[in-house]
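Lettering of chains follows the sequences in order, A, B, ..., and the numbering in each one begins at 1.
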Amino acid sequence: MSSRYTAELAAEIEQRWQDRWESEGTFHAANPEGDLADAGAAELGEKYFIMDMFPYPSGAGLHVGHPLGYIATDVVGRHQRMLGKNVLHALGYDAFGLPAEIHAISTGEHPRTNTEANMVNMRRQLRRLGLGHDDRRSFATIDPEFVRWTQWIFLQLFNAWFDPELQKARPIAELVEKLGTADPSVIDQHRLAYVSNSPVNWCPGLGTVLANEEVTSEGRSERGNFPVFTRSLRQWNMRITAYADRLIDDLDRVDWPEPVKLMQRNWIGRSHGAHVDFASAAGPIRVFTTRPDTLFGATFMVLSPEHPLVEALTTPEQADAVAEYRAAAVAKTDVERQADKQKTGVLTGSTATNPVNGEQVPVLVADYVLMGYGTGAIMAVPDGDARDAEFAEVLGLPTVQVLQGETLVNSSNADVSLDGLTVEDAKARIVSWLEANGHGTGTTTYRLRDWLFSRQRYWGEPFPIVYDEHDNPIAVPDSMLPVELPEVPDYSPRTFEPDDVTSEPEPPLGRAEDWVHVTLDLGDGPRRYRRETNTMPNWAGSSWYELRYADPHNTDQLVSPANEAYWLGPRESGGTGGVDLYVGGVEHAVLHLLYARFWHKALFDLGHVSSEEPFHRLYNQGYIQAYAFIDARGSYVPADEVVETVSDAGESTFTWNGDPVQREYGKMGKSLKNVVTPDEMYDAYGADTFRVYEMSMGPLDVSRPWETRAVVGAQRFLQRVWRLVVDEESGATVSTDADLDDATLSVLHKTIDGVAADMDGLRFNTAIAKLIELTNHLTKAEVTSRAAVEPLTLMLAPFAPHLAEEIWARLGHESSIVREPYPVADPALLVDDTVLCIVQVQGKVRAKLDVPAAASEEQLTELALAEANVQRAIDGREVRKVVVRAPKLVNIVV
RNA sequence: GCCGACAUGGCGGAAUGGUAGACGCGAUGGUCUCAAAAACCAUUGUCCGAAAGGGCGUGCGGGUUCGAGUCCCGCUGUCGGCACCA
């Protein structure tokens, strides 16, 4: 039988090693304490905690783009293990969510059934990749034990308040003590998880409310693209705004890509300015402005249509016009408001007093002022703000010039003058004047809103909350967790006509009458309670799952302090702690990553974790894209049946069944008929080839097109490595124990040195290129000595682990390669006796010289000038200057 | 509109301010074969040249520098985020 490294042989090798890894528990990582502690181990050593953004178990199965990040983290994990680290790497499933619920609604089957079937299929597809995961630590967010702790965290937040003085969360009992009252109407206002009757994004088409983050800029639902209306409804919220400053400031302490940090900063949107009170008949109208320096130019005021003072300020003459305007505004979605090109608004008939000059300025209502930002009221300065100028133009309102370039003019009263000051100086002076005279204060506002936390869905975590007869929310005691989902006859919330603004949410849990109404003894005897029927949003489980990997089976605690401190705790003083490397797509830059940071910080404040941030280092992998092809009718045609023809001019045209088709570039997807699955790659090449190809395609953080045709390059490389060790005809091991020649020794150690640097920087594409170069050198020089082949195999192990194990075993090693020490370069072998010296004339290369590494500047100049080609380039001109970077470069300037 | 990232052969991509195009795909030629596949070897930015060698080349226009794909300024294009945020 031939011993060629074919897909069949690869499959056999891969399966065999996967079985062995599993039976030997090769990737088990020991905990300091608890059920995963290793009694025999004396010392755990240095840890490395690596995480992927865990997958949603979709029914569609995987395409070749999905494993990219999982392969990359596996390469890192395997490399770290060979560096002697105790590596924690596991994969869970984010298994609540709408797709399973939609499937359940259409089939009548419980969402758990389908979700679990999908997980089985996904585990099978992923197992064949040979990922070095500790399977004991896998979980799904729908597991009752996981739900229990998600609910427990919710109760921690429910039973906590944010102390603005200390800038941290504290137990609610301390607030009760501080305020001297336990009155729910007071206390409930301060909880980190609280119920409020406030404007929310109501989506009748989905029958549920949505978080701001789930609403598109077009004012529609991210899912389903239904209109979303602002409605005041009683819903659960998370006080994430309390953490706005810490969420911004601590970005400076984590190792994240700058663009992601910037997106979070922009999302939180901290802006410094001032609150200014304008006196009016209805009392002071408070505005927020980032430009208090332009206060002398405020010629009118604008209130949002929802502003509470509108009614009191409206004069009888304007009552009809204002009522009509407000009614029209309410009926519009946010996007429709923005779609109106021309600004609109009406006078209230009242005026207010500009505190700096006593001017009576008219007060108007206009929908370009949003209730949700600042105070919902602005001072309008047509000279400073383009929108105010536009509105002033439309309504013929006056303008006063207060700015000349960057300098203030026309801005003084008897008490204070800003004239001639720069913007920054003027801001400081006017704010101190406002504060001294009781007209306002310097302040900071945020774009970030509190996190709307309830959904009218079935397939989510139930709230561990019941209501008493006064409708006060009461925590279900920890001993009764988890609160499990009841069986219901119908999994869908009631949905409405997408445009039905007046509809009211009706969650599916409301149908489980027996479940909703319960008798509980919460310490004061059995009483009747009503359960919360909303469920938590999809983000809940992913907001804390990093903690559970560290102690997945703990039934007494979320995570034991010792296990948390070991895996996540800060390792240097002032450090944030957190996962050592978190890899995933940039699409989670704000939502998931902001929510997870918020929960983690709250748990830190309450003393449950020692780390201040969940993810110390974040890395965004790129996406694998694909070409799709459309025929003349605009339908997608199967991409793998399209034929490419290249003209003599080098231009490609594409045909399908002889008909021309158009190529477009984008995602891989079933509907685009361009899906390539990992299973196809396993069958055609084997998992190791697939892994090497994905890692060699380009830098990990850049998106690039999939090209099945190019996978063979990775296979050829692995076949060359195989042949260095195994005779294809006989299957015999051909390695020798010969010493290496100087040239090979030098190439080997340069490779080890270069690959080590590339591994540290996650530059797997160039690391593989260097391994290919080494392999090509060994092949050409006919070197099969284990002195070269063993280090090559060790360096290849993170990328092609099965092949590396097999070669390692055939070289006579009995134990797995997984924890063999990674090769280290000998610095003495990195220096050559002679080096290539580039000789330039006027910056252009004119000669390449082999020179002694120790050559002096004078010697190099002499050698360079002696070259005929250099002399020809100088062409008799005077040498003005010679730049020498010994020993590699000489540049002659004439 | 505001903010950010990116732009290199036919393709994916290499390149601490110092040889532009590593490595891979594809293509062309060859070895092996009755033949083919596979594998292996060679060539492969472009133009002039028999060769030696030379000209031109990293989206466009400037600049800094002995030397710029890389740094600075100004454009263009592509992608991403935010968007009446006061």
*What is the distance, rounded to the nearest whole Å, between atom CZ of A:R270 and atom P of B:A86?*
14 Å

*Scan A:S703 against the nucleic acid and name what it touches under 4.0 Å (heavy atoms): base, sugar-phosphate only, or nothing.*
sugar-phosphate

*For B:C82, what is the paired nucleotide under Watson-Crick or G-U wobble rules, both distances under 3.5 Å?*
B:G1

*Proximal nucleotide (of B:G67, B:G53, B:A39) relative to the A:N891 side chain*: B:G67

*Between B:C40, B:C25, B:G53, which nucleotide gets closest to the side-chain atoms of A:R716?*
B:C25

_I want to verify a distance call: between B:A20, B:G53, B:C11, whose nearest atom is closest to the A:V845 side chain?_
B:A20

*Look at the side chain of A:R447 and decide which nucleotide, out of B:C66, B:A83, B:C40, has an atom nearest to it.*
B:A83

_From C-beta outward on A:T290, which listed nucleotide comes closest to its side chain: B:C3, B:A39, B:A86?_
B:A86

*Under 4.0 Å between any heavy atoms, over every strand shown, what does A:I838 touch: base, sugar-phosphate, or nothing? Just pick one.*
base

*Spacing between A:E707 atom CD and B:C25 atom P, to the nearest angstrom*: 11 Å

*asked:* Distance check needed: B:C40 P versus A:W722 CH2, whole Å only.
replied: 16 Å

*Provide the Watson-Crick or G-U wobble partner of B:G74, both distances under 3.5 Å; none if there is no partner.*
B:C60

*Whole-angstrom distance between B:G62 and B:G55, as gauged at atom C1'*: 24 Å

_Whether A:K881 contacts B:C66 is assessed here as follows: a side-chain N or O lying under 4.0 Å from the phosphate OP1 or OP2. Is that the case?_
yes

*From the options B:C84, B:G53, B:U19, select the nucleotide whose nearest atom is closest to the side chain of A:Y368.*
B:C84

*Could you tell me whether a side-chain N or O of A:Y325 sits under 3.5 Å from a main-chain N or O of A:T344, the two making a donor and an acceptor?*
yes

_Under a 3.5 Å distance rule, please check whether A:D701 uses its side chain to pair with a backbone N or O of A:G622 as donor and acceptor._
no

*asked:* Taking the nucleotide of RNA chain B with the nearest heavy atom to each, does A:R709 or A:A769 sit closer to the 5' end?
replied: A:A769

_Strictly by Watson-Crick or wobble contacts shorter than 3.5 Å, is anything paired with B:U46, and which nucleotide is it?_
B:G55

_Considering every strand and a 4.0 Å limit on heavy-atom distances, what is the contact class for A:N776: base, sugar-phosphate, or nothing?_
sugar-phosphate

*asked:* Starting the side chain at C-beta, find the nucleotide from B:A86, B:G54, B:C25 nearest to A:V369.
replied: B:A86

*Identify whether any heavy atom of A:L889 sits under 4.0 Å from a base atom; if not, whether one sits that close to sugar-phosphate; answer base, sugar-phosphate or nothing.*
base

*Please evaluate the base of B:G18 for a donor-acceptor partner in the side chain of A:Q840 within a cut-off of under 3.5 Å?*
yes

*Before giving the answer on ring-ring contact (aromatic ring centres under 6.0 Å, His included), spell out for A:W267 and A:Y446 the whole-Å C-alpha distance, their side-chain angles and the decisive distance to 0.1 Å.*
CA-CA 9 Å; A:W267 188 264; A:Y446 304 86; over 10 Å; no

*Expressed in whole Å, how much space separates the C1' atoms belonging to B:U70 and B:U64?*
14 Å

_Candidate pair A:R877 and A:D875, rule salt bridge (Lys or Arg N to Asp or Glu O under 4.0 Å), full reasoning_ = CA-CA 6 Å; A:R877 287 172 290 179; A:D875 195 24; 5.3 Å; no

*Ignoring backbone atoms, test whether A:K844 places a side-chain nitrogen or oxygen under 4.0 Å from the OP1 or OP2 oxygen of B:C56.*
yes

*P gap between B:U65 and B:U76, integer Å*: 28 Å

*Check every atom of B:C23, B:C82, B:C41 against the side chain of A:K780 and return the nucleotide holding the closest atom.*
B:C41

*What interatomic distance, in whole Å, is found between C1' of B:G45 and the corresponding atom of B:G9?*
5 Å

*Between A:Q842 and A:S696, who's closer to the 5' end of RNA chain B by nearest nucleotide?*
A:S696

*If you measure from the P atom in B:A36 to the same atom in B:G29, how many Å do you get, rounded?*
13 Å

*What pair of heavy atoms forms the shortest contact from A:D450 to A:I240, and how long is it?*
OD1-N, 3.2 Å

_Distance check needed: B:G53 P versus A:D875 CG, whole Å only._
17 Å

_Gap between atoms CG and C1', on A:N620 and B:C79 respectively (whole Å)_ = 15 Å

*Provide the Watson-Crick or G-U wobble partner of B:G29, both distances under 3.5 Å; none if there is no partner.*
B:C41

*Closest to the A:R885 side chain, choosing from B:C66, B:A39, B:G81*: B:C66

*Does the B:C84 base have a donor-acceptor partner in the side chain of A:K343 within less than 3.5 Å?*
yes

*asked:* With syn defined as a glycosidic angle within 90° of 0 and anti as the rest, where does B:G24 land?
replied: anti

*Take atom C1' in B:A83 and the same atom in B:G4, then report the distance between them in whole Å.*
14 Å

*Under 4.0 Å between any heavy atoms, over every strand shown, what does A:V883 touch: base, sugar-phosphate, or nothing? Just pick one.*
base

*Atom CZ of A:R720 to atom P of B:C40: distance rounded to whole Å?*
6 Å

*Give a yes/no on whether any side-chain N or O of A:R704 is located under 4.0 angstrom from OP1 or OP2 of B:G13.*
no

*Taking the P atom of each, how far is B:C75 from B:G80, in whole Å?*
23 Å

*Is it true that a side-chain atom of A:E857 and a backbone atom of A:A886 form a donor plus acceptor pair closer than 3.5 Å?*
no

*Are any of the side-chain nitrogens in A:D388 or A:K343 under 4.0 Å away from the carboxylate oxygens of its partner?*
no

*Heavy-atom side-chain proximity of A:L594 to A:Q264 below 4.5 angstrom*: yes

*Report the distance from atom NZ of A:K261 to atom C1' of B:G80, rounded to the nearest whole Å.*
19 Å

*Checking all strands, does A:R846 fall into the base, sugar-phosphate, or nothing category for heavy-atom contacts under 4.0 angstrom?*
sugar-phosphate

*Under 4.0 Å between a side-chain N/O of A:N765 and OP1 or OP2 of B:C23, yes or no?*
no

*Rounded to the Å, how far apart are A:I768 CD1 and B:C23 C1'?*
10 Å

*Just call it for A:I892: base, sugar-phosphate, or nothing, with non-hydrogen atoms closer than 4.0 Å on any strand.*
nothing

*For the pair A:R846 and A:E867, find out whether any cationic side-chain nitrogen is under 4.0 Å from an anionic carboxylate oxygen.*
no

*Euclidean distance for P, B:U19 against B:G12 (whole angstrom)*: 24 Å

*Hey, are A:K770 and A:D753 close enough for a salt bridge, meaning a charged N less than 4.0 Å from a carboxylate O?*
no

*asked:* Base, sugar-phosphate or nothing for A:S271? Non-hydrogen atoms, less than 4.0 Å.
replied: sugar-phosphate

*Which nucleotide, B:A38, B:G55, B:A14, lies nearest any side-chain atom of A:T766?*
B:A14

*Given that both distances must come in under 3.5 Å, which nucleotide forms a Watson-Crick or G-U wobble pair with B:A15?*
none

